[in-house]
Chemist: 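Submitted below is the structure of interest, expressed as structure tokens.
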Amino acid sequence: MFNIIITFKKTVMNGKILSLIAAVFFILASTQTFAQEKTILCFGNSLTAGYGLAKEEAWPMLIQEKISQAELNYNVIQSGLSGETSAGGLSRIKWVLKDPIDVFILELGPNDGLRGLPLSQTEKNLQQIIDYVKSKNPEVKIILAGMRVPPNMGPEYSNEFQTLFEKLASKNKARLIPFFLEGVAGNKELNLDDGIHPNKEGQKIVANTVWKYLKPIL
């Protein structure tokens, strides 16, 4: 009789120990998963902010959906500000970026071009933004959104504006999206009434474009 009781107690005790061990492993696994989560910062202007749309309809959040579907452990931070120039971005990055990030998607410059600002200063500002991000994490992976300006800015200015992004990408070993608004710019059905900002469907195309360059480095 006593042997049966002792055996029963041992079984209960062993069960509790196994449950405790399982709980510890679960906590450790959860902690490890949380620690391994990486960060993607989408830093830009109204195109990144999703002007005229709900936040979840803008391309950064659509990228987050693709990441979740692919079961990748990345968190996307959407940091777009309407009207932002490269100079404004340089000032803002210093308070936006408090901690190191793993992937940096830089979408700035269009407002400089539309205002006809000196491109040498635009290039300098963008480089300083990149330098600041690298100072937080030298191993950060960078994707640069190449942009274009309307032809009425003049052929010389337009060509220089486009090559600006190519030079920055080459200098910083960044992945270049040749034209961020590929397949969207100039299409009335894919833009808001202002003809500049992508609508909900246009944002989906932008997200697909970004994803093509982002997915291989995740």
Side-chain angles (χ1 to χ4, degrees), residues 40-53 55 57-63 77-93 96 104-130 132-133 142-172 174-188 190-214:
I40 301 171
L41 176 61
C42 304
F43 190 73
N45 51 42
S46 56
L47 298 176
T48 296
Y51 176 85
L53 303 172
K55 181 179 180 180
E57 294 174 335
W59 68 266
M61 293 299 96
L62 298 179
I63 290 293
I77 298 176
Q78 180 181 4
S79 185
L81 183 64
S82 294
E84 187 83 292
T85 61
S86 62
L90 178 57
S91 298
R92 188 163 62 96
I93 191 66
V96 167
F104 183 55
I105 304 178
L106 179 57
E107 181 274 305
L108 279 179
N111 288 320
D112 295 50
L114 292 175
R115 299 178 187 184
L117 300 178
L119 296 182
S120 58
Q121 188 60 51
T122 299
E123 183 176 354
K124 182 179 179 180
N125 292 337
L126 294 178
Q127 182 61 57
Q128 288 182 325
I129 291 173
I130 293 172
Y132 186 77
V133 173
I142 300 172
I143 296 179
L144 192 60
M147 299 297 294
R148 298 173 187 171
V149 292
N152 63 339
M153 301 301 296
E156 183 177 349
Y157 188 90
S158 298
N159 291 334
E160 185 181 347
F161 183 84
Q162 186 172 342
T163 57
L164 177 157
F165 297 97
E166 297 170 2
K167 289 190 294 182
L168 283 171
S170 177
K171 180 179 179 179
N172 295 283
R175 293 179 69 87
L176 174 67
I177 301 174
F179 185 33
F180 185 70
L181 296 177
E182 185 69 44
V184 178
N187 189 328
K188 293 182 178 179
L190 297 175
N191 288 278
L192 300 178
D193 291 339
D194 60 14
I196 299 175
H197 297 94
N199 58 23
K200 184 177 179 179
E201 294 304 313
Q203 287 282 350
K204 292 178 182 179
I205 294 177
V206 172
N208 288 336
T209 298
V210 174
W211 185 240
K212 182 170 68 175
Y213 294 89
L214 174 61

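Only heavy atoms go into these numbers, but all of them, side chains included; no hydrogens, no water, no symmetry mates. Counting from 1, the numbers follow the sequence of the chain as shown.
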Chemist: Do Leu181 and Pro198 have side-chain heavy atoms sitting under 4.5 Å apart?
Modeler: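 In contact.
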Chemist: Side chain to side chain contact (heavy atoms under 4.5 Å, CB included) for Leu119 and Thr163? Distances and angles first, verdict last.
Modeler: CA-CA 10 Å; Leu119 296 182; Thr163 57; over 6 Å; no
Chemist: For atom OH of Tyr51, decide whether the heavy atoms of other residues, nucleotides or ligands shown that lie under 6.0 angstrom number more than 12.
Modeler: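 Counting neighbours around OH of Tyr51, 12 or fewer heavy atoms of other residues, nucleotides or ligands fall under 6.0 Å, so no.
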Chemist: Measure the CG-CD distance between Asn125 and Gln127 for me, rounded to the nearest 0.5 Å.
Modeler: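 Answer rounded to 0.5 Å: 10.5 Å.
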Chemist: Let me know which of Leu164, Asp112, Asn172 forms a side chain to side chain contact (heavy atoms under 4.5 Å, CB included) with Leu126.
Modeler: Leu164
Chemist: Return the set of residues passing side chain to side chain contact (heavy atoms under 4.5 Å, CB included) with Pro150 (not counting sequence neighbours), or none when no residue passes.
Modeler: Leu114, Asn152, Met153
Chemist: Search all heavy atoms of Leu108 against all heavy atoms of Glu84 and return the closest pair with its distance.
Modeler: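 That closest heavy-atom pairing would be CD2-CG, 3.6 Å.
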Chemist: Could you give me the CA-CA distance, side-chain angles and deciding distance for His197 and Leu47, then say whether side chain to side chain contact (heavy atoms under 4.5 Å, CB included) is met?
Modeler: CA-CA 6 Å; His197 297 94; Leu47 298 176; 4.0 Å; yes
Chemist: What is the minimum heavy-atom distance between Phe165 and Gly109, and which atoms define it?
Modeler: CZ-CA, 4.4 Å
Chemist: List for me each residue that meets ring-ring contact (aromatic ring centres under 6.0 Å, His included) alongside Tyr213, sequence neighbours excluded, and say none if there are none.
Modeler: none
Chemist: How many angstroms lie between atom CD of Glu107 and atom OG of Ser79, to the nearest 0.5 angstrom?
Modeler: 11.0 Å
Chemist: Any idea which heavy atoms bring Leu176 and Ala169 closest together, and the distance?
Modeler: CB-CB, 3.7 Å
Chemist: Kindly compute the distance separating CD1 (Ile143) from NZ (Lys212), expressed to the nearest 0.5 Å.
Modeler: 12.0 Å
Chemist: Measuring only between side-chain heavy atoms, which start at C-beta, is Cys42 closer than 4.5 Å to Ile63?
Modeler: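 A side-chain contact under 4.5 Å is absent here.
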Chemist: Kindly determine whether Phe43 and Thr48 satisfy side chain to side chain contact (heavy atoms under 4.5 Å, CB included), including the steps that lead there.
Modeler: CA-CA 7 Å; Phe43 190 73; Thr48 296; over 6 Å; no
Chemist: Among all residues two or more places apart in sequence or in another chain, which pass the side chain to side chain contact (heavy atoms under 4.5 Å, CB included) test with Glu201?
Modeler: Leu190, Asn199, Lys204
Chemist: Under a 4.5 Å cut-off applied to non-hydrogen side-chain atoms, are Ile205 and Trp59 in contact?
Modeler: no
Chemist: Do Ile177 and Val206 have side chains that approach each other closer than 4.5 Å (heavy atoms only, starting at C-beta)?
Modeler: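 With C-beta onward as the side chain, the pair stays apart.
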Chemist: Which residues pass the side chain to side chain contact (heavy atoms under 4.5 Å, CB included) test with Lys55, sequence neighbours left out?
Modeler: Met61, Gln78
Chemist: Rounded to the nearest 0.5 Å, what separation is found between the OG atom of Ser86 and the CD1 atom of Ile93?
Modeler: 13.0 Å
Chemist: How far apart are the closest heavy atoms of Gly186 and Asn191, and which atoms are they?
Modeler: N-ND2, 4.1 Å
Chemist: Roughly how far apart are Lys171 NZ and Leu144 CG, rounded to 0.5 Å?
Modeler: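 One gets 12.5 Å once the value is rounded to the nearest 0.5 Å.
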Chemist: Glu182 and Thr209: side-chain donor and acceptor closer than 3.5 Å?
Modeler: no
Chemist: With sequence neighbours excluded, tell me which residues meet side chain to side chain contact (heavy atoms under 4.5 Å, CB included) with Ile196.
Modeler: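 Checked Ile196 against side chain to side chain contact (heavy atoms under 4.5 Å, CB included); matches are Asp194.
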Chemist: Test your reading of the model: is there a side-chain donor-acceptor pair from Thr85 to the backbone of Gly88, 3.5 Å cut-off?
Modeler: yes
Chemist: Provide the closest heavy-atom pair for Ala58 versus Gly50 in the form atom of the first, atom of the second, distance.
Modeler: CB-CA, 3.6 Å
Chemist: Give the C-alpha distance, both sets of side-chain angles, the deciding distance and a yes or no for side chain to side chain contact (heavy atoms under 4.5 Å, CB included) between Glu57 and Gln203.
Modeler: CA-CA 7 Å; Glu57 294 174 335; Gln203 287 282 350; 5.8 Å; no
Chemist: Give me the atom names and distance for the closest heavy-atom approach of Asn45 to Pro110.
Modeler: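 That would be ND2-CD, 3.6 Å.
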Chemist: Between Ile129 and Phe104, is there a side-chain heavy-atom distance shorter than 4.5 Å?
Modeler: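 Side chain of Phe104 against side chain of Ile129, heavy atoms only: contact under 4.5 Å found.
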Chemist: Could I get the full list of salt bridge (Lys or Arg N to Asp or Glu O under 4.0 Å) partners for Glu123, not counting sequence neighbours?
Modeler: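 Partners of Glu123 under the salt bridge (Lys or Arg N to Asp or Glu O under 4.0 Å) test: Lys167.
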